[in-house]
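See below for the structure under consideration.
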Amino acid sequence: MHVHFLDPYRSGHSTIHQLDARIKFVLAVAFIFITALTPIAAWPVYILLFALAISVEVLSELGVGFVLRRAVLALPFILAALPVIFTIAGPALFSLSIGPWTLTATIPGIERFVSIALKSWISVQVAIVLATSTPFPDLLVAMRAVHVPRLLVAIFGLMWRYLFVFADEALRLIRARTARSGEADLAGLKAGGSLLWRARIAGGMAGNLFLRAFERSDRIYMAMVARGYDGEVRAAPLPHLRPVDWVILTVALTSLLSLLIFAFLFWG
Amino acid sequence: MPVFPLSAPEPMHIPDGFLSAVVSIVLWLLSILVIAYSLKRVNQDLGERQVPLMGVVAAAIFAGQMLNFTVVGGTSGHLMGAALATILLGPWAAMLVMTTVVSVQALIFQDGGLLVLGANIFNMGVIGVAVSYFVYLSIQRLAGGKSWGIFTGGFLAAWASIFVASLAVALELAFSGTSPANLAIPAMAGIHALIGIGEGLVTAGALAMIYATRPDLLRADRQKQAGGAALWVVGLIIALALAIASPLASAYPDGLVRIAKQRGFLEAAQGPVYQIIPGYILPGISNEALATILAGIIGTLIVFGIAAAVAYSKRNRKTVQN
């Protein structure tokens with residue numbers, strides 16, 4: 001089987017890998033939903049949620065470090081929440097003087113900022129485990145199970161199939177550009193041309209990619225018609241869920257819900 | 001294997017945790033409605049060709065986002081693709097393509113969250129496409145079929161799609177209590193006014209390449225048939241509403257919170273409602289608010305001007321025909 005560096009799936013035989021994709025998908029979304037609903041500064045609940053995420057990472061045998069490293073990717077967005085430290089009223093913690101401005105950090109402000117950062121960080125970990133422990137075709141089955149329109153699932157599937165072809169094509173275009181514009185790996189050496197020129201070249205490459213996509217989609221359509229495609233997206237019936245899957249789903253959803261009730265009782 | 005920046009962390013894909021549950025769900029519902037309608041429309045227009053075309057173009061846009069170019073220092077620009085997809089495929093198909101791209105980015109690469117996926121689809125797929133469509137079609141009509149309309153229209157459509165979508169992101173963050181409106185909106189608008197230029201240049205470059213090789217794909221009647229006047233108006237309304245709402249929200253952030261409170265947006269897990277601290281004085285804040293409002297008014301006037309010009313030119317053409 002061709003393994004592409006873009007595909008995040010890591011094969012394995014762990015409990016998490018063997019769990020039905022539909023169960024995983026629903027539980028991951030439920031977990032993120034519960035995390036979003038958890039009140040600000042409900043620290044013990046965050047710790048429990050984090051512990052849950054870590055346990056899933058351990059169970060998945062993907063390596064906790066691997067997941068945590070990938071989870072850093074979503075962190076730059078935290079800048080958007082930074083001003084909140086200074087704009088919420090409350091007891092002041094410290095003041096910063098930047099030129100003529102005085103920024104006063106408040107305790108509720110910091111609580112909100114840290115809560116947002118933690119929620120985001122915990123959520124993205126769960127999403128990473130879902131993506132790395134589930135092959136994409138299984139995720140498509142999960143989407144069908146939660147009644148995403150069949151046409152849309154078919155489009156997702158086709159996109160996935162050609163994603164790697166076009167990613168390779170894009171890399172070839174980039175390599176060709178690098179070769180032609182004499183880009184050397186030396187510090188201080190500029191890649192050729194003005195900004196406008198560079199943007200136009202990148203645009204030309206994007207247009208090229210688009211045209212190839214159009215033409216390829218024609219050929220794919222012909223091939224599909226030749227194999228009897230008539231516009232109807234047919235898919236094999238969904239396999240039945242085992243009783244044990246239902247048990248896992250119920251237990252997990254109940255515990256997530258009770259965690260939320262607990263959070264609202266004490267911090268809501 | 002060289003590691004390419006697959007998805008440079010850009011402020012357009014909101015991760016989970018940054019939007020309140022209520023905002024996320026409302027935007028999910030809106031997105032689902034629009035997706036259902038586009039599926040119907042695309043099914044009518046394209047029929048059985050839609051699955052291969054949409055899927056492959058979505059893959060190409062995804063890969064197209066890898067094509068970056070150095071702007072200055074270590075920063076680089078790359079394509080979002082909403083405008084390009086709108087111009088080449090028509091708005092409904094473009095909405096489906098952007099939905100597919102954004103969904104796969106979230107599901108597989110954690111570029112954007114899962115619970116907030118509805119919001120990301122709405123910002124990039126619905127708002128980005130509707131605004132592109134409105135701007136591109138308007139410029140095309142102004143140009144009266146001359147080729148400069150394609151490139152200018154493409155550039156402006158791409159710029160506007162990024163800019164307006166970023167206003168939507170900032171408003172959503174403010175509604176969720178994640179980022180104060182008076183800081184988030186000018187910051188997002190400022191950054192994306194620049195990022196939009198990169199998007200505009202790349203889009204215009206792509207259109208120039210396609211115009212040279214396959215001009216039939218850019219024929220003026222294609223988009224008109226595909227979208228219709230209703231979507232043009234929707235694009236206008238979205239652009240206007242966001243251009244007016246953002247400076248207002250930015251000038252009166254506590255007003256936004258009041259609305260949010262009235263509508264029950266904030267109480268869902270949001271704890272204390274934030275206020276501007278009385279002792280928190282920004283010298284020149286009134287000027288800043290004024291500047292934002294002025295920018296909004298100028299933008300609105302431009303949009304109105306374009307709309308009026310389009311209406312005028314259309315009437316002229318009709319009288320000529322008569």
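Just so we're on the same page: letters track the sequence lines, and every chain starts at 1.
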For side-chain contact (heavy atoms from CB on, under 4.5 Å), just list the numbers for A:Tyr221 and B:Val51, CA-CA rounded to whole Å, side-chain angles, deciding distance to a tenth of an Å, and then say yes or no. CA-CA 9 Å; A:Tyr221 172 68; B:Val51 170; over 6 Å; no
Using atom types as modelled and distance alone, determine if a side-chain donor or acceptor of [X] lies under 3.5 Å from a backbone N or O of [Y].
{"X": "A:Arg112", "Y": "B:Gly177", "result": "yes"}
{"X": "A:Ser120", "Y": "B:Asp16", "result": "yes"}
{"X": "B:Gln110", "Y": "A:Ala127", "result": "yes"}

With a 4.5 Å limit on heavy-atom distance, are the side chains of A:Phe210 and B:Leu217 in contact? no
Side chains of B:Val104 and A:Phe136: does their closest heavy-atom pair fall under 4.5 Å? yes
Interchain contact, B:Ile32 with chain A, by part (heavy-atom threshold 4.5 Å): neither
Where on B:Leu207 is there a heavy atom nearer than 4.5 Å to chain A: the side chain, the backbone, both, or neither? neither
Ignoring hydrogens, what is the shortest heavy-atom contact between A:Gly207 and B:Met209? Give both atom names and the distance. C-SD, 3.9 Å
How close do B:Pro180 and A:Val84 get, heavy atom to heavy atom, and via which atoms? CD-N, 4.0 Å
Does any heavy atom of chain B fall under 4.5 Å from the side chain of A:Pro83, the backbone, both, or neither of them?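 Both backbone and side chain.
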Could you check, using the six-membered ring where one of them is a Trp, whether A:Phe166 and B:Phe62 have ring centers closer than 6.0 angstrom?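 Between B:Phe62 and A:Phe166, which both carry aromatic rings, the centre distance is not below 6.0 Å.
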